[in-house]
**Q** 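So that we are looking at the same thing, I have put the structure below in C-alpha cells.
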Protein chains: 2
Amino acid sequence: MALSFNPHISVDCVVFGFDDTEGLKILLINRDEWDNQKTTRLKLPGNLIIMKEHLKQSANRVLQELTGIKDIYLKQFGVFDNPGRLMNGDDIAWLRKKTNIYVERVITVAFYSLVKLGQYLETELSRAYNATWYKVNEVPGLIFDHNDILSNGLEAMRKEFLTEPLCFELLPKKFTMNQLQHLSEAILGFNLDNRNFRKRINRLGYIMPLNEHQRGVSHKPARYYMFDRKKFDNRKKEYTGFII
Amino acid sequence: MALSFNPHISVDCVVFGFDDTEGLKILLINRDEWDNQKTTRLKLPGNLIIMKEHLKQSANRVLQELTGIKDIYLKQFGVFDNPGRLMNGDDIAWLRKKTNIYVERVITVAFYSLVKLGQYLETELSRAYNATWYKVNEVPGLIFDHNDILSNGLEAMRKEFLTEPLCFELLPKKFTMNQLQHLSEAILGFNLDNRNFRKRINRLGYIMPLNEHQRGVSHKPARYYMFDRKKFDNRKKEYTGFII
DNA sequence: CCAAAAGTGTTTCGTATACACCCATGT
DNA sequence: ACATGGGTGTATACGAAACACTTTTGG
C-alpha cells in the first residue's frame with residue numbers, strides 16, 4: 001500500500017458546505033495524534049496520490065477515506081508548489097511517520113468541492129472521521145500552507161460562482177427563492193435586495209418555479225424551484241454574470 | 001544535468017502573441033529530428049522541472065531555453081494528468097532519448113503567457129530556436145495532449161481577459177484605442193462597435209489619453225493611451241467585466 | 001391575534017445598443 | 001484630390017437599484 005504512493009504529488013480538497021442557518025462552512029480534519037505527542041492540529045483533507053491514478057480519482061478516494069464523502073462536485077483550482085511549503089519540522093515528521101515514505105518536496109494539486117451539508121452531519125463526521133465543519137471566517141491555523149490553499153480556494157469558488165451554476169451543488173434539488181438568495185449572499189459576502197433578486201432570477205429562464213410549496217412551516221409556505229440544466233446549457237451564452 | 005530532473009512533473013506553456021495585422025498567435029516549437037527519423041512534429045514549449053524549482057521558475061527557464069523569451073507574464077491555468085497522456089510510442093521514445101530519463105507517467109502543469117509579438121520576430125525565433133508563430137485557428141496536430149492543453153489555455157485566457165487587465169501584456173506601453181479594440185476582438189472572437197467601445201473605455205477611468213499621436217502615418221494620426229495600473233487597483237471593485 | 005418569513009410594483013437612473021458621417025494626414 | 005484609417009453624437013431600450021407593505025401559515 002505505502003509503496004504505491006507517488007512521493008512527489010498530493011491532492012488537497014477545500015470542501016464547502018452550506019447550511020441555511022449557519023452559512024458557508026468548510027470541512028477540516030484533525031491530524032491524528034502520534035507517538036506521545038498530543039499536538040492535534042487541523043488540516044484540509046488530502047494525501048499523496050497513488051502512482052497511476054487520475055488526480056480527480058485521488059481527490060475522490062482521499063475524501064472518501066478521510067470523511068466518507070463521495071461522488072461530489074470537484075474542481076481543480078491550482079497547484080501549490082513552493083519548494084519550502086512543508087517547512088514545519090514537526091509536520092514533516094508526522095507526514096513521514098504517517099505515510100512511511102521519506103517525503104521531501106511535495107507538490108499539491110488543490111480542488112474545491114461542494115456538498116449539500118445536510119447529508120453529512122456534524123455528529124457522524126466527527127464520530128467516525130474526526131472531521132468538523134468550520135465557518136469560513138472562523139478557521140484557525142492549519143498545518144503547512146493549508147490556510148493559503150483555503151483562501152485561494154474560496155476566491156476561486158467565488159469567481160466561478162459568478163459565471164457557473166455552482167450553487168445547485170450546495171442546495172437540495174428543490175429549493176426556495178430565499179435559500180438561493182441566502183446562499184448567494186454567503187458566497188458573495190454581501191446582501192442582496194430580495195425584490196430585485198427575484199426579478200433577476202425569474203428573468204433568467206432556467207430556474208423553474210414548481211407548483212409545490214413548503215409544508216408544516218409556521219409562516220407563509222415558500223414555493224419550490226428547480227434548476228433546469230438543459231435550458232441553462234442552451235441559453236444564448238452572454239458575457240454576463242450568473243447571478244449578479 | 002539530466003539527473004536533477006524530476007521525472008514526474010513537467011511544465012508546458014501556451015504563449016500568446018498579438019500582432020495588429022495578423023491577430024492572435026501562438027508559439028510552437030519543432031520537436032527536433034532524432035536518430036534517422038525525420039518526423040518533425042510540433043509541440044508547446046515545455047519540459048520536465050528541476051527538482052527544487054518553483055513551477056513558475058521552471059516555466060521561465062524552459063521558455064528561455066527553448067525560445068529565448070524571458071521575463072513575461074505567466075499564469076498557471078491547469079494540470080493535465082491523464083495517466084495515458086503520453087500514449088504515442090514514438091513520442092515517448094523521443095522524450096526518453098531527449099531527457100535521458102526513463103519517463104513513465106508525467107503530470108504537466110500548464111501556464112499561459114502573453115508577449116508583445118513585435119519583440120520576438122519570426123525570423124529570429126525560427127533561426128535560433130526552431131520556433132514559429134501560428135494563428136490560433138490554424139494550429140496543426142501537436143504531440144501528446146498538447147492540442148487539448150492549448151484549447152484549455154485559450155479558454156482560460158479568454159475568461160481572465162474579461163476581468164483582469166491582461167491585454168496590456170500584449171500591447172506596447174503606448175497604444176491606440178483601435179489597437180486595444182482589435183486585440184479585444186481577436187481574443188473575444190467577435191467584433192465590437194467602435195463608438196460604443198470608446199465610450200466604455202473612456203468611462204473606465206484607468207486608461208489614460210496622452211497628448212501624443214502617431215507620426216508618419218498616411219491618415220489621421222491616432223492618439224496614444226496608457227494603462228494606469230494604480231488607478232485600476234484603486235477602483236471600487238465591482239463584479240463587472242473588464243472590457244465588456 | 002401574534003410571530004415569522006414569503007411575496008409583490010413602481011420610479012429613477014445609468015449603461016448598452018444601434019447607427020452614418022466628417023477629419024487629418026501622406027502620397 | 002484621393003485613399004486610409006481616426007474619431008465623433010444621439011435616440012431608444014433595457015436592466016440595476018432603491019424602497020415598504022401585504023399575505024399566509026402555525027401556534
Side-chain angles (χ1 to χ4, degrees), chain A residues 19-23 162-163 171-172 174-186 188 190-226 235-244, chain B residues 19-23 162-163 171-172 174-186 188 190-226 235-244:
Chain A
D19 175 307
D20 224 7
T21 56
E22 301 253 35
L162 296 174
T163 52
L171 288 172
K174 299 174 182 181
F175 51 86
T176 70
M177 195 64 94
N178 285 347
Q179 281 179 307
L180 181 59
Q181 183 181 341
H182 293 143
L183 172 57
S184 303
E185 290 171 339
L188 291 168
F190 55 83
N191 290 341
L192 301 166
D193 180 275
N194 179 253
R195 279 176 284 191
N196 295 334
F197 184 80
R198 284 167 187 270
K199 271 181 282 183
R200 201 164 38 233
I201 298 298
N202 284 326
R203 236 183 305 113
L204 293 178
Y206 45 80
I207 296 177
M208 315 306 288
L210 304 178
N211 278 326
E212 197 179 336
H213 295 75
Q214 287 179 322
R215 292 166 140 271
V217 289
S218 75
H219 54 77
K220 180 167 174 177
R223 179 184 289 273
Y224 285 117
Y225 291 77
M226 277 186 78
R235 108 216 103 114
K236 183 170 157 291
K237 282 183 183 73
E238 286 154 10
Y239 285 89
T240 57
F242 168 64
I243 290 283
I244 62 165
Chain B
D19 175 307
D20 225 6
T21 56
E22 300 255 35
L162 296 173
T163 52
L171 288 172
K174 298 173 183 181
F175 51 86
T176 70
M177 195 63 94
N178 283 347
Q179 280 180 308
L180 181 59
Q181 183 181 340
H182 293 143
L183 173 56
S184 304
E185 289 171 341
L188 291 168
F190 54 84
N191 291 340
L192 302 166
D193 180 276
N194 179 251
R195 281 177 284 194
N196 295 333
F197 184 79
R198 285 167 186 270
K199 273 182 283 183
R200 198 164 41 230
I201 298 298
N202 285 326
R203 234 184 304 112
L204 293 177
Y206 45 79
I207 295 177
M208 316 305 289
L210 304 179
N211 278 326
E212 198 181 333
H213 294 75
Q214 286 179 322
R215 290 165 141 270
V217 289
S218 73
H219 53 75
K220 179 168 175 177
R223 178 184 289 273
Y224 284 118
Y225 290 77
M226 276 186 77
R235 108 218 104 111
K236 183 169 156 294
K237 283 182 181 71
E238 285 154 10
Y239 285 89
T240 57
F242 168 63
I243 290 283
I244 62 164

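No hydrogens, no waters, no symmetry mates; every other heavy atom, side chains included, goes into these values. To find a chain, count down the sequence lines: A is the first, B the second, and so on, and within it residues start at 1.
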**Q** If I compare all heavy atoms of A:Q179 with all of A:K174, which pair ends up nearest, and what's the gap?
**A** OE1-O, 4.4 Å
**Q** Would you state whether a donor and an acceptor, one from the side chain of B:R195 and one from the base of C:dA20, lie under 3.5 Å apart?
**A** yes
**Q** Could you check how far CG of A:N191 sits from P of D:dA17, rounded to whole Å?
**A** 14 Å
**Q** Check the distance between C:dT8's P and A:R203's CZ and give it to me in whole angstrom.
**A** 15 Å
**Q** What nitrogen or oxygen pairs link the protein and nucleotides 4-7 of chain C at under 3.5 Å?
**A**
{"residue": "C:dA6", "atom": "OP1", "partner": "A:N178", "partner atom": "ND2", "Å": "2.9"}
{"residue": "C:dA6", "atom": "OP2", "partner": "A:N178", "partner atom": "ND2", "Å": "2.2"}
{"residue": "C:dA6", "atom": "O5'", "partner": "A:N178", "partner atom": "ND2", "Å": "3.3"}
{"residue": "C:dA6", "atom": "O4'", "partner": "A:K220", "partner atom": "O", "Å": "3.4"}
{"residue": "C:dG7", "atom": "OP1", "partner": "A:R223", "partner atom": "N", "Å": "2.8"}
{"residue": "C:dG7", "atom": "OP2", "partner": "A:R198", "partner atom": "NH1", "Å": "3.2"}
{"residue": "C:dG7", "atom": "OP2", "partner": "A:R198", "partner atom": "NH2", "Å": "3.2"}

**Q** Let me know the distance between CZ of B:R215 and P of C:dG26, rounded to the nearest Å.
**A** 10 Å
**Q** Using atom types as modelled and distance alone, determine if a side-chain donor or acceptor of B:E185 lies under 3.5 Å from a backbone N or O of B:L192.
**A** yes
**Q** Check step by step if side-chain contact (heavy atoms from CB on, under 4.5 Å) holds for A:L171 and A:Y225.
**A** CA-CA 11 Å; A:L171 288 172; A:Y225 291 77; over 6 Å; no
**Q** So if I take every side-chain heavy atom of A:D193 and compare against C:dA16, D:dC19, C:dA18, which nucleotide ends up nearest?
**A** D:dC19
**Q** For B:K199 and B:N196, test the side chains for any donor-to-acceptor distance below 3.5 angstrom and give the result as yes or no.
**A** yes
**Q** What's the shortest heavy-atom distance between A:D20 and A:H182, and which atoms?
**A** OD1-ND1, 4.1 Å
**Q** Looking just at side-chain N and O atoms, do B:N178 and B:T176 make a donor-acceptor pair shorter than 3.5 Å?
**A** no
**Q** Looking at A:P209, is its backbone amide N or carbonyl O close enough to the side chain of A:R223 to form a donor-acceptor pair, meaning the two atoms are under 3.5 Å apart?
**A** no
**Q** Nearest whole angstrom, please: distance from the P of C:dT11 to the NZ of A:K199.
**A** 12 Å
**Q** For a quick test of reading the model, state the closest non-hydrogen atom pair linking B:F197 to B:M177 and the distance between them.
**A** CE2-O, 3.8 Å
**Q** C:dA16 C1' sits how many Å from B:L192 CG, rounded?
**A** 12 Å
**Q** If an axis is fit to five pairs at each end of the helix from C:dC1-D:dG27 to C:dT27-D:dA1, what is the angle between the two, to the nearest 10°?
**A** 0°
**Q** Starting from P on D:dC14, measure out to CG on B:N196 and report it in whole angstrom.
**A** 16 Å
**Q** Have A:R198 and A:N202 got a donor and an acceptor in their side chains that come within less than 3.5 Å?
**A** no
**Q** Atom CZ of B:F190 and atom P of C:dA18: how far apart are they, to the nearest Å?
**A** 12 Å
**Q** Calculate the interatomic distance between B:D20 atom CG and D:dG5 atom P; express it in whole Å.
**A** 11 Å
